[in-house]
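Pasting a structure below so you can have a look.
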Amino acid sequence: MLKFYNTLSGQLEDFRPLREGEVGIYSCGPTVWSFAQIGNFRSFIFADILRRYLEFKGFRVTHVMNITDVEDRIIARSQENGITIDEYTAQYIEALWEDFDALGCARPHVVPRATRHIPEMVNIIEQLIERSHAYKSDGSVYYRIGSFPLYGKLSKINLAGNVAGASERIDTDRYEKEDVRDFALWKAAGSPEEIAWDTSLGRGRPGWHIECSAMSMKYLGETFDIHAGGIDLVFPHHENEIAQSEGATGKPFVRYWLHAEHLKVDGETMSKSKGNYYTYRDLTALGFSPVAIRYFLLSVPYRKQLNFTLEALGGVEKTVENLQDFHARLIETRTEPGTNSILNKAVKRALEEFELGLDDDLNTSVALAAIHTLSREVNTALDNCQLREDDKREVLALIERFDSVLNIFGRVEPPMLDEEVQRLIDDRQEARRRRDWSRADAIRNDLSHRGILLEDTRDGVRWKRR
RNA sequence: GGCGGCGUAGCCAAGUGGUAAGGCAGAGGUCUGCAAAACCUUUAUUCGUCAGUUCGAUUCUGACCGCCGCCUCCA
């Protein structure tokens with residue numbers, strides 16, 4: 001039975017979707033003011049695993065992820081550059097998809113942008129005003145927190161306890177609010193040149209939280225199954241989404257709230273000022289492969305803080321290479337017809353453990369351990385020539401199933417060898433037959449310098465690019 | 001001040017009231033002409049510290065030390 005830890009209840013719960021066999025997921029996407037950093041990608045990869053595992057379990061999934069393309073930083077930077085916000089965000093949206101694809105994330109089925117859903121937001125705000133959950137003030141519209149008694153049910157925020165100590169962050173809204181806790185649904189335009197939309201609410205732009213209420217309900221319905229995002233979004237973002245959505249519809253908004261913990265770097269918070277801030281692009285520039293980055297980010301259950309170090313990523317690079325070598329070796333191996341019952345059992349057990357792990361609130365560590373165990377067992381069988389045709393087919397099919405969720409093996413495409421290299425390999429084989437070891441080693445060395453590694457196996461020469 | 005997460009071998013870490021998954025790195029070995037790959041063995045008498053509960057705690061409780069979040073727009 002698939003179980004998720006639901007932030008709302010604070011407990012592990014059996015997952016049962018609203019409609020048999022179907023699941024709607026809304027995951028909070030990026031604010032496209034810059035290149036996404038690896039912490040963002042941990043969240044995105046988590047959402048990707050969530051979606052893929054639900055599909056693995058046979059659900060028909062609709063995955064919606066928003067793109068926040070209007071926000072203070074975006075407005076400020078586009079103005080500095082003298083371009084529109086669409087022009088400004090276009091470059092980062094394009095980069096986002098490049099990174100997304102490279103990291104092996106399936107693109108969400110629907111990717112709504114805030115700026116394309118202003119009428120939907122205005123519509124909800126009007127409903128909120130009608131129901132006295134919101135009020136106008138100086139051209140802006142605020143949510144009246146006092147009107148929603150359940151406010152705080154997600155984040156368990158204790159408003160009384162927050163008055164005293166509080167954080168140093170201060171409220172920056174300039175307008176009159178009935179209560180300091182009230183938050184903006186609609187911000188009146190300050191000056192004529194400011195980015196704004198003319199609507200029935202007046203000229204202005206939406207507050208941050210309203211876009212997710214509007215877009216999730218538009219594509220998934222007023223009540224839907226899963227809402228996912230980073231843990232920092234629990235308060236105020238998701239708390240406010242609940243207040244807005246349930247205030248407007250009078251119906252429960254989301255059934256399961258799933259939140260991914262943060263990534264640390266060298267044991268510290270990642271921040272630009274600390275100099276430990278990495279985008280995906282920073283890591284590939286250092287020579288790390290996308291699949292290793294993906295593996296690292298998914299290797300620990302999503303609710304655990306994960307400590308990123310370059311040393312650890314270097315280790316994962318090797319792990320991933322070993323898995324891919326294993327996969328390639330399996331594909332290349334020649335087998336005799338038949339079945340080996342030992343392998344048959346190994347395959348069965350691997351699948352069981354994989355599923356047991358992921359059923360338990362997506363414990364990817366356990367799932368990966370099952371894969372490594374299988375890899376070792378199959379390698380042993382290969383060493384001992386015990387792998388038969390049926391086993392090979394079964395194991396390859398299983399790897400494909402595993403990869404439909406984790407996407408860490410990837411496709412094995414035989415890279416083209418150029419003729420000269422092939423001739424050198426042939427020459428070396430000829431030299432080896434003559435037992436001319438110095439000649440054979442010289443060729444191997446030469447190829448190694450060109451980044452081509454040779455392995456002499458029972459079935460002939462294997463080679464790979466480094 | 002309120003709410004939450006964490007501290008497990010050199011590194012990344014899973015985990016459970018019954019005596020420590022997995023990966024990387026290290027050491028030794030098998031295989032190999034030598035390598036590589038693979039496999040085998042090995043690497044925490046112990047899970048931040050100190051108490052308590054228990055037949056038994058890394059796992060529960062309390063205190064302490066250290067680290068990381070959230071408390072109005074940051075995944």
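Chain letters run A, B, ... following the sequence lines, proteins first, then strands; residues in each count from 1. Since the structure is predicted, the reported quantities are computational estimates derived from the model, not experimental observations.
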Complementary nucleotide for B/A9 - Watson-Crick or wobble, under 3.5 Å: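 With both distances under 3.5 Å required, B/A9 matches none.
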Polar side-chain atom of A/Asp48 near backbone of A/Ala106 as donor-acceptor pair, under 3.5 Å: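 Between the backbone of A/Ala106 and the side chain of A/Asp48 there is a qualifying donor-acceptor contact (under 3.5 Å).
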Integer-rounded Å distance: B/A14 P and A/Leu298 CG: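 About 13 Å, once rounded to whole Å.
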Sugar-phosphate only, base, or nothing, as touched by A/Gln37 at under 4.0 Å among non-hydrogen atoms: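 The answer is base, as A/Gln37 lies within the cut-off (heavy atoms under 4.0 Å) of a base atom.
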Rounded distance in Å - CD (A/Glu268) to C1' (B/G66):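 Rounding to the nearest Å, CD of A/Glu268 and C1' of B/G66 are 13 Å apart.
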Rounded interatomic separation in angstrom, taking CG from A/Leu323 and C1' from B/A38: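 Between C1' of B/A38 and CG of A/Leu323: 14 Å.
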A/Ala134: partners by side chain to side chain contact (heavy atoms under 4.5 Å, CB included), with sequence neighbours left out: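 For A/Ala134 the side chain to side chain contact (heavy atoms under 4.5 Å, CB included) partners, ignoring immediate neighbours, are A/Leu128, A/Ile129, A/Val141, A/Leu185.
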Watson-Crick or G-U counterpart of B/A44, or none if no pair lies under 3.5 Å: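 In the structure as shown, B/A44 has no Watson-Crick or wobble partner.
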Touch class at under 4.0 angstrom, heavy-atom based, for A/Arg434 against every strand present: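 Answer is nothing: A/Arg434 stays at 4.0 Å or more from every strand.
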Under-4.0 Å side-chain N/O to phosphate OP1/OP2 contact, A/Asn322 with B/C24: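 So the side-chain polar atoms of A/Asn322 do come within 4.0 Å of the phosphate oxygens OP1 or OP2 of B/C24, strictly under.
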Nucleotides 8-13 of chain B: protein proximity per nucleotide (B base, S sugar-phosphate only, - neither; heavy atom, under 4.0 Å): ---SSS
Protein-nucleotide distance (A/Arg42, atom CZ; B/C68, atom C1'), rounded to Å: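 One finds 13 Å between C1' of B/C68 and CZ of A/Arg42, rounded.
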A/Asn363 side chain near B/G15 phosphate (N/O to OP1/OP2, under 4.0 Å):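 For B/G15, OP1/OP2 do have a side-chain N/O of A/Asn363 under 4.0 Å.
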Watson-Crick or G-U counterpart of B/A20, or none if no pair lies under 3.5 Å: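 Check on B/A20: unpaired, no WC or wobble geometry under 3.5 Å.
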List, one per line, each side-chain donor-acceptor pair under 3.5 Å for residues 380-387 of chain A, sequence neighbours excluded.
residue  : atom : partner  : partner atom : Å
A/Thr380 : OG1  : A/Arg376 : O            : 2.9
A/Asp383 : OD1  : A/Arg329 : NH2          : 2.7
A/Asn384 : ND2  : A/Thr380 : O            : 3.3

Partners passing side chain to side chain contact (heavy atoms under 4.5 Å, CB included) against A/Glu239 (at least two apart in sequence or in another chain):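 With sequence neighbours excluded, A/Glu239 shows a side chain to side chain contact (heavy atoms under 4.5 Å, CB included) to A/Tyr151, A/Lys153, A/Leu154, A/Ser155, A/Phe235, given in chain and number order.
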side-chain hydrogen bond (donor to acceptor under 3.5 Å, both in side chains) partners for A/Glu377, two or more places apart: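 With sequence neighbours excluded, A/Glu377 shows a side-chain hydrogen bond (donor to acceptor under 3.5 Å, both in side chains) to A/Arg349, given in chain and number order.
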Touch class at under 4.0 angstrom, heavy-atom based, for A/His372 against every strand present: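 Sugar-phosphate, backbone atoms only, no base.
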Flag if over 12 foreign heavy atoms under 6.0 Å of CD, A/Glu98: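 For A/Glu98, atom CD is crowded (more than 12 foreign heavy atoms under 6.0 Å).
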Side-chain donor or acceptor of A/Asp360 paired with backbone N/O of A/Asn363 under 3.5 Å: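 No: the side chain of A/Asp360 does not pair with the backbone of A/Asn363.
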Value in whole Å for how far the P atom of B/A75 lies from CG of A/Asp48: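 Result: 18 Å.
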Residues A/Phe224, A/Phe253; criterion ring pair (Phe, Tyr, Trp, His ring centres under 6.0 Å); working and verdict: CA-CA 7 Å; A/Phe224 60 91; A/Phe253 176 46; 5.2 Å; yes
Options B/C71, B/G22, B/A75, nucleotide nearest the side-chain atoms of A/Ile157: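 Output: B/C71.
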All salt bridge (Lys or Arg N to Asp or Glu O under 4.0 Å) counterparts of A/Glu430, not counting sequence neighbours: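 Partners of A/Glu430 by the salt bridge (Lys or Arg N to Asp or Glu O under 4.0 Å) criterion, ordered by chain and then number, come out as A/Arg433, A/Arg434.
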Partner nucleotide, any strand, of B/U30 [Watson-Crick/G-U, under 3.5 Å]: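 B/U30 is paired, partner B/A38.
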Paired nucleotide for B/C50 [Watson-Crick or G-U wobble; both distances under 3.5 Å]: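 By the stated definition (distances under 3.5 Å), B/G62 pairs with B/C50.
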A/Val366 or A/Arg462, whichever maps to the more 5' nucleotide of RNA chain B: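 That would be A/Val366.
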By salt bridge (Lys or Arg N to Asp or Glu O under 4.0 Å) - contacts of A/Asp266 (at least two apart):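 Here no residue qualifies.
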Sugar-phosphate only, base, or nothing, as touched by A/Gly267 at under 4.0 Å among non-hydrogen atoms: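 Result for A/Gly267 = sugar-phosphate.
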Sugar-phosphate only, base, or nothing, as touched by A/Asn379 at under 4.0 Å among non-hydrogen atoms: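 Sugar-phosphate, backbone atoms only, no base.
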Closest nucleotide among B/C24, B/C39, B/C71 to the A/Thr319 side chain: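 Between B/C24, B/C39, B/C71, the one nearest the side chain of A/Thr319 would be B/C24.
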Proximal nucleotide (of B/G5, B/C24, B/A21) relative to the A/Ala369 side chain: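 From the listed options, B/A21 comes nearest.
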Separation of B/G23 C1' from A/Leu313 CG (nearest whole Å):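 Going from A/Leu313 (CG) to B/G23 (C1'), I get 13 Å.
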Who pairs with B/A75 - Watson-Crick or G-U, where each distance is under 3.5 Å: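 The base-pairing partner of B/A75, which may sit in any strand shown, does not exist here.
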Separation of atom CZ in A/Arg329 from atom P in B/A37, rounded to whole Å: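 Taking atom P of B/A37 as the reference, CZ of A/Arg329 is at 12 Å.
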Complementary nucleotide of B/C3, counting Watson-Crick and G-U pairs under 3.5 Å: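 Base-paired to B/G69.
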Nearest-angstrom distance, P atom, B/U45 to B/A36: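 Approximately 31 Å lies between the P atom of B/U45 and that of B/A36.
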Value in whole Å for how far the C1' atom of B/C67 lies from CG of A/Leu263: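 The distance from CG of A/Leu263 to C1' of B/C67 comes to 15 Å, rounded to the nearest Å.
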Sugar-phosphate only, base, or nothing, as touched by A/Leu233 at under 4.0 Å among non-hydrogen atoms: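 Touches sugar-phosphate only.
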Under-4.0 Å side-chain N/O to phosphate OP1/OP2 contact, A/Asn40 with B/A75: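 It does, given that an N or O in the side chain of A/Asn40 lies less than 4.0 Å from OP1 or OP2 of B/A75.
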RNA chain B: 5'-proximal contact among A/Leu368 and A/Asp360 (nearest heavy atom):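 Its nucleotide being nearer the 5' end, the pick is A/Asp360.
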Any residue meeting side-chain hydrogen bond (donor to acceptor under 3.5 Å, both in side chains) with A/Glu268, in chain and number order, not counting sequence neighbours: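 Result, side-chain hydrogen bond (donor to acceptor under 3.5 Å, both in side chains) vs A/Glu268: none returned.
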Flag for A/Asp361-A/Tyr302: side-chain donor and acceptor within less than 3.5 Å: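 On atom types as modelled, these side chains qualify, holding a pair under 3.5 Å.
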All N/O contacts under 3.5 Å from nucleotides 33-35 of chain B to the protein, with atom names and distances to one decimal?
residue : atom : partner  : partner atom : Å
B/G33   : O6   : A/Arg432 : NE           : 3.4
B/G33   : N1   : A/Asp441 : OD1          : 2.9
B/G33   : N2   : A/Asp441 : OD1          : 3.3
B/G33   : N2   : A/Asp441 : OD2          : 2.5
B/C34   : O2   : A/Arg444 : NH2          : 2.5
B/C34   : N3   : A/Arg444 : NH1          : 2.9
B/C34   : N3   : A/Arg444 : NH2          : 3.2
B/C34   : N4   : A/Asp456 : OD2          : 3.2
B/A35   : N6   : A/Asp456 : O            : 3.1
B/A35   : N1   : A/Asp456 : N            : 3.0
B/A35   : N3   : A/Arg444 : NH1          : 3.0

